[in-house]
Amino acid sequence: KNEVEQSPQNLTAQEGEFITINCSYSVGISALHWLQQHPGGGIVSLFMLSSGKKKHGRLIATINIQEKHSSLHITASHPRDSAVYICAVLQAGSYQLTFGKGTKLSVIP
Amino acid sequence: EPEVTQTPSHQVTQMGQEVILRCVPISNHLYFYWYRQILGQKVEFLVSFYNNEISEKSEIFDDQFSVERPDGSNFTLKIRSTKLEDSAMYFCASSRDGVTEAFFGQGTRLTVV
């Protein structure tokens, strides 16, 4: 059974701080997703990774397949970044995503 | 930008009633999914659908649940006889080929009373 663990569960940061959210998983995967969920509930895809690193604006995602670990970084955080960030993995040979519990980020002005 | 749309955004139903949640996936996508999120819990996989049949389903997806692609655009989730524990946010998602990025709808909040 694939377990997806995220840390921290909750994170409060001052505006402008550099933020890191971590994700680890237990089985082989074909891809890893970072998703954002706002209080209204909708889910937005931020990145899909199978190796290396991706950057989009102030967001950077990295993955280490050997260590079964991924990180999401936010540079120069802003209050509008406040949301729940979710890691989800696509297990090798499967089409279903397995989700972590999410990291609730609050950025204070 | 293409998006997955879900209707209704919120549905309240009495226990034992049937509900149908509707989704319009992105038009050139071939893989469709339903996920659910009980309040305060993580998102859970229900079912994936490809080529007009279920390709995978979870233990949650029992005989009370069914999915259908009744025409070329809609993808529906039916819950035959709702229970209180079916109250959750239900997300539809679609993917071009099953291994590239999945796009999610805004969700339908189902409340069973």
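Predicted, not measured: the structure shown is a model, and the values here were computed from it. Numbered from 1 within each chain, the chains take letters A, B, ... in sequence-line order.
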Transitive ILVMFWY side-chain link A:Tyr85 to B:Phe103, under 4.5 Å = no
Do B:Ser58 and A:Gln96 pass the side-chain hydrogen bond (donor to acceptor under 3.5 Å, both in side chains) test, and can you show the C-alpha distance, the side-chain angles, and the key distance before you say yes or no?
-> CA-CA 9 Å; B:Ser58 71; A:Gln96 62 174 279; over 6 Å; no
Heavy-atom pair of closest approach, residues B:Ala102 and A:Ser45 = O-CB, 3.9 Å
Answer yes or no: does atom CG of B:Asp63 have more than 12 heavy-atom neighbours from other residues, nucleotides or ligands under 6.0 Å?
-> no
Counting only heavy atoms closer than 4.5 Å, note whether B:Glu101 contacts chain A via side chain, backbone, both or neither.
-> both
Heavy-atom neighbours of A:His56 NE2 exceed 12 at 6.0 Å | no
Answer yes if A:Leu59 and A:Leu105 sit in the same cluster of Ile, Leu, Val, Met, Phe, Trp and Tyr residues linked by side chain heavy atoms under 4.5 Å apart, and no otherwise.
-> yes
Among the listed options B:Gln106, B:Lys57, B:Met89, the residue most often paired with chain A at heavy-atom distances under 4.5 Å | B:Gln106
Treating Ile, Leu, Val, Met, Phe, Trp and Tyr as nodes and any side-chain heavy-atom pair under 4.5 angstrom as an edge, say whether B:Phe91 and B:Leu21 lie in one connected cluster.
-> no
Verify the neighbour count for atom CZ of A:Arg58: are there more than 12 heavy atoms of other residues, nucleotides or ligands below 6.0 Å?
-> yes
Contacting moiety of A:Ser50, where chain B heavy atoms sit under 4.5 Å = neither
Looking only at heavy atoms, the pair that brings B:Phe104 and A:Leu97 closest together is CZ-CD1, 4.0 Å
Is A:Val27 reachable from A:Met48 through a run of hydrophobic residues whose side-chain heavy atoms are each under 4.5 Å from the next?
-> no
Mind listing the closest non-hydrogen atom pair of A:Leu90 and B:Val99 along with its distance?
-> CD2-CA, 4.0 Å
Would you kindly confirm whether B:Met15 and B:Leu77 end up in one hydrophobic cluster when ILVMFWY residues are joined by side chain heavy atoms under 4.5 Å apart?
-> yes
So with a 6.0 Å cut-off around CD of B:Glu59, is the heavy-atom count from everything else above 12?
-> no
Indicate the ring-plane relationship of B:Tyr31 and A:Tyr95, choosing parallel, tilted or perpendicular according to the 30° and 60° boundaries.
-> tilted
Residue pair B:Glu56 / A:Ser94: nearest heavy atoms and the distance that separates them | OE2-OG, 2.8 Å
Should we say atom NZ of B:Lys83 is surrounded by more than 12 heavy atoms from elsewhere, each under 6.0 Å from it?
-> yes
Residue-level contacts of residues 33-41 of chain B with chain A, using a heavy-atom cutoff under 4.5 Å | B:Tyr33, B:Tyr35, B:Gln37
